[in-house]
Amino acid sequence: MSNGFDDIPFFDEEPARAPGRGERRAAVPADGPADARDGRARQDQGAAPAQGPSGLAARAMAARDRDRAPDYLSGLNPEQRLAVETLDGPVLVLAGAGTGKTRVLTTRIAHIMATGRAYPSQILAVTFTNKAAREMKERIGVLVGGAVEGMPWLGTFHSIGVKLLRRHAELAGIRSDFTILDTDDVTRLIKQILQAESIDDKRWPAKQFAQLIDGWKNKGLTPADIPEGDARAFGNGKGRELYAAYQARLRTLNACDFGDLLLHPIAIFRKHPDLLREYHGRFRYILVDEYQDTNTAQYMWLRLLAQRPSPAKGEPRTADNTVNICCVGDDDQSIYGWRGAEVDNILRFDKDFPGATVIKLERNYRSTAHILATAGHLIAHNEGRLGKTLFTDRHDPEDQKVQVHAAWDSEEEARAVGEEIEQLQRDKHLLNNMAILVRASFQMREFEDRFVTLGLNYRVIGGPRFYERMEIRDAMAYFRLVCQDADDLAFERIVNTPKRGLGDTTIRLLHDYARARDIPMLAAAADIIETDEVKAKARKSLFDVVTMVRRWQGLLENTPHTELAEIILEESGYTDMWKVDKTAEAPGRLENLKELVRSMEAFESMRGFLEHVSLVMDAEQNENLDAVNIMTLHSAKGLEFETVFLPGWEEGLFPHQRSLDEGGRSGLEEERRLAYVGLTRAKRRCHLWFVSNRRIHGLWQSTIPSRFIEELPVDHVEVAEMEQSYGGYGRGGYGQSRFDKQEPFQNTYATPGWKRAQANKTDATRDNWGNRSGVAIDRIGYGESGPKARTIEGELTVRSTVETPSKFGIGDRVFHIKFGNGNIAGIEGNKLTIDFDRAGQKRVLDGFVEKV
DNA sequence: TCCCCTCGACTTTTT
DNA sequence: GTCGAGGGGA
């Protein structure tokens with residue numbers, strides 16, 4: 001297959017020109033182990049292959065100038081082609097739904113490489129989700145005909161942030177083997193801080209504070225930057241102190257939360273302009289996907305990397321001072337305002353980057369004219385848009401108008417959708433091409449129940465995740481502690497799991513001691529076992545834990561990591577704990593642990609695996625199974641389906657009451673954009689539903705149709721004829737599986753649907769990875785088809801074992817909380833031997849002793 | 001230390 | 001209505 005790249009060996013050829021101005025070997029560390037092994041990958045650093053009559057560039061330019069455009073450009077429409085070929089200067093592509101946004105991005109990258117403008121490793125391409133990054137990689141691979149090994153800087157904001165931070169961690173005051181905390185860890189950490197500050201966590205919930213901090217970090221605010229009002233609004237006015245305390249704790253734990261993955265690099269770049277300049281030299285081209293979703297922190301990060309010094313008067317723009325940034329987005333699909341996205345970023349792009357080329361993509365290749373007109377008419381009710389109107393050439397009289405259905409209640413809604421799906425199935429439509437997009441996840445349940453009854457396969461996208469399961473988190477905590485022993489959160493999680501008789505008292509003691517001396521709890525435990533601070537039994541247990549962890553740490557370098565994982569789970573007694581457990585879940589949990597170890601095989605090291613899990617929280621779904629997709633409108637963004645069902649268009653649910661209450665007009669507009677996203681997912685058929693009665697928080701409430709329904713254009717929408725009476729039970733002529741209501745004595749388990757389900761099923765509720773999926777298992781090929789091995793850069797092992805001189809002297813009279821008064825008989829570092837008046841001679845830690 | 005019961009929450013969610 | 005967390009009692 002010819003793709004226009006056949007005669008351009010751009011991966012292998014060196015730029016054949018002499019080093020020019022501004023060209024120097026960057027001091028930026030190499031691209032990790034791959035670079036070290038492969039000299040070729042390093043050649044790009046600092047050297048731009050763009051100018052000069054090099055063999056590669058000349059040929060590429062000739063290729064471009066030939067009448068016949070490269071194959072990969074053919075098939076693009078004029079606007080798309082402009083977006084691909086406008087390589088110099090800032091470019092904003094306003095790409096409406098279904099206008100070939102991803103195609104433009106990927107072709108542009110291919111074009112940059114094919115024309116020899118930059119090496120793959122000189123292109124920074126950022127997305128929001130791992131899914132988008134993966135898709136982009138694949139599609140570029142198809143375009144250039146091979147794996148895209150050479151694009152180390154294609155990834156999510158966060159994964160690129162981690163990459164930067166691992167290289168320059170010490171500039172942020174942490175070590176490069178830092179741990180990435182997830183939201184659960186963060187909440188637990190905050191809970192501890194609130195407790196330490198004796199703040200009532202009933203009145204000031206840790207979760208709320210976690211969200212507050214997240215919000216500040218989204219805005220790029222450090223404790224010093226937050227507005228006074230914000231600071232006062234939490235924890236008796238202690239908001240700022242608490243935030244600072246939290247950051248301090250993260251530093252001692254050698255850990256980062258998600259926000260830090262962006263904020264630390266920003267701080268580093270600001271403090272070290274020379275380093276930033278190295279990256280300016282490296283990144284010839286910057287591409288950003290879904291620009292309308294960027295928050296302030298991401299925006300600041302991008303600005304730092306994108307901004308180049310303006311050319312002096314009279315000087316021409318050169319590769320050194322041109323901002324080759326291309327942002328692609330759609331203001332009408334901005335649906336993440338509630339988590340800090342600033343639509344403003346896209347609205348004022350041309351002010352941020354003067355001289356920007358703005359290109360609108362309005363030709364839609366996805367949907368029918370009816371669907372487009374409906375979506376367009378709806379979104380026109382919003383103010384403050386950049387204003388795009390999607391159009392299509394496709395006008396097929398066979399095309400169905402958008403169907404609006406009414407149902408009595410949510411149960412009937414689910415039943416009717418089920419019937420529609422079965423009808424489509426009989427007409428040979430694949431279930432994979434259908435999706436039910438809901439506003440809120442509680443709506444899913446009704447559909448799941450119904451589909452289990454019908455024996456219809458379904459998959460829930462974005463449900464509960466495997467790594468949130470208890471046994472996975474426990475196992476991961478062991479691994480984390482072994483890789484990074486300052487990870488106190490991991491330590492606390494596993495120290496008494498399985499039960500080792502290390503209760504609250506012991507843990508509190510360890511915690512206090514560790515805090516007082518600013519050392520990890522594992523180190524604190526190592527100290528304490530040499531003393532009499534804790535009872536013999538607890539001491540033995542602690543000794544075991546410390547010894548085990550130390551032993552595993554010793555094995556880390558030279559033992560295959562999957563083997564080590566097994567050793568850890570065995571020796572810690574963790575698997576035994578579940579073997580002994582007689583509850584129903586225990587076998588499943590053991591199975592999950594096995595899967596966990598198996599899935600580690602795809603990674604190069606245990607650290608690589610840990611990093612993957614903390615960054616990539618989605619698990620891949622099985623595409624091979626034909627199943628209806630159920631997901632929220634939010635997670636549907638970027639996807640498309642032949643047939644889309646949009647249930648629950650009622651006031652209060654959609655638009656959601658809380659959006660209206662908290663967001664006012666802009667909240668309503670965001671909801672409307674969400675509706676727009678939902679409609680534009682559909683290629684051929686789109687069904688809207690609203691019900692008159694819905695159960696909310698356990699009680700039935702009567703509802704009125706969404707205002708959005710009134711905003712639809714009458715010419716393109718039709719009210720679907722109900723085959724059954726409104727509010728009655730189904731009487732339709734088709735569907736063998738709809739008699740559970742008609743035959744009251746037959747319970748659901750006797751329906752053919754249920755029997756079918758039984759026949760197909762291996763697990764009708766959840767698969768091992770915590771993915772909810774129906775009827776036939778939708779198992780994830782996490783092990784086999786999982787990600788390629790990852791490498792972690794710049795491994796660094798620094799241990800903080802600073803000894804502080806004891807403030808005590810032999811003979812001092814002291815008081816110990818547990819043993820009372822006594823005299824110091826010996827001192828050994830921080831351990832004191834004391835002759836207690838009552839308890840006799842004991843070894844204790846100086847932290848627990850006061851002079852009297 | 002564990003288990004049971006009560007109480008409260010309950011939009012969307014990536015990383 | 002359902003689930004999870006946390007408190008209190010055995």
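These figures come from a predicted structure and were not determined experimentally. Labels below follow one simple rule: chain letters A, B, ... track the order of the sequence lines, proteins then strands, and each chain is numbered from 1.
Note that Arg672(A) lies outside the cation-pi zone of Phe708(A), set by a 6.0 Å cut-off to the ring centre and a 45° limit from the axis.
Not a single side chain to side chain contact (heavy atoms under 4.5 Å, CB included) links Lys537(A) to another residue, sequence neighbours left out.
Separating the CG atom of Leu633(A) from the C1' atom of dT12(B) is a distance of 9 Å, rounded to the nearest angstrom. Between Ile461(A) atom CD1 and dT12(B) atom P there is a gap of 16 Å when expressed in whole angstrom units. Between the CG atom of Leu699(A) and the P atom of dG8(B) there is a distance of 16 Å, given to the nearest Å. Rounded to whole Å, the distance from CD on Glu662(A) to C1' on dT11(B) is 9 Å. At whole-Å resolution of the value, CD in Glu650(A) and P in dT11(B) are 16 Å apart. Rounding to whole angstrom units, CD of residue Gln657(A) and C1' of dC10(B) are separated by 14 Å. Regarding His634(A), its NE2 atom lies at a distance of 16 Å from the C1' atom of dT15(B), rounded to whole Å. Atom P of nucleotide dT15(B) and atom CZ of Phe128(A) are separated by 11 Å, given to the nearest angstrom.
For Trp338(A) and dT12(B), the ring-to-base geometry satisfies the stacking test (centroid distance below 5.5 Å, interplanar angle below 30°). Judged by ring centres under 5.5 Å apart and planes tilted less than 30 degrees, His656(A) stacks against the six-membered base ring of dT11(B).
Residues Phe609(A) and Ser599(A) share a closest heavy-atom pair of CE1-OG, 3.8 Å.
One finds no side-chain N or O of Ser659(A) lying less than 4.0 angstrom from the OP1 or OP2 phosphate oxygen of dT12(B). Distances shorter than 4.0 Å separate none of the side-chain N or O atoms of Thr183(A) from OP1 or OP2 on dT13(B).
With hydrogens and angles left out, the side-chain atoms of Gln333(A) and Tyr676(A) include no donor and acceptor closer than 3.5 Å. Counted by atom type alone, Asn629(A) and Tyr458(A) present zero donor-acceptor pairs between their side chains at under 3.5 Å. For Glu471(A) and Asn592(A), the side-chain atoms include at least one donor-acceptor pair closer than 3.5 Å. The closest side-chain donor-acceptor pair between Glu197(A) and Gln195(A), if any, does not fall under 3.5 angstrom.
In the set dT15(B), dT13(B), dC2(B), the nucleotide with an atom closest to the side chain of Thr632(A) is dT13(B). You'll find that the side chain of Asn130(A) is closest to dT15(B), out of dT13(B), dT15(B), dT1(B). Considering only side-chain atoms of Ala440(A), the nucleotide from dT13(B), dT11(B), dT1(B) that sits closest is dT11(B). Among the nucleotides dT12(B), dT15(B), dT11(B), the one closest to the side chain of Arg658(A) is dT11(B).
Remark: Lys217(A) NZ is packed, more than 12 non-hydrogen atoms of other residues, nucleotides or ligands lying under 6.0 Å away.
Along DNA chain C, the stretch of nucleotides lying under 4.0 Å from any heavy atom of chain A spans, 5' to 3', dG1(C) to dG6(C).
The base of dT11(B) sits within donor-acceptor range of the side chain of Arg439(A), with an N or O pair under 3.5 Å.
Across all strands, Lys637(A) comes closer than 4.0 Å to no nucleic acid atom at all (heavy-atom distances).
In terms of position on DNA chain B, the residue among Arg500(A) and His158(A) whose nearest nucleotide sits closer to the 5' end is Arg500(A).
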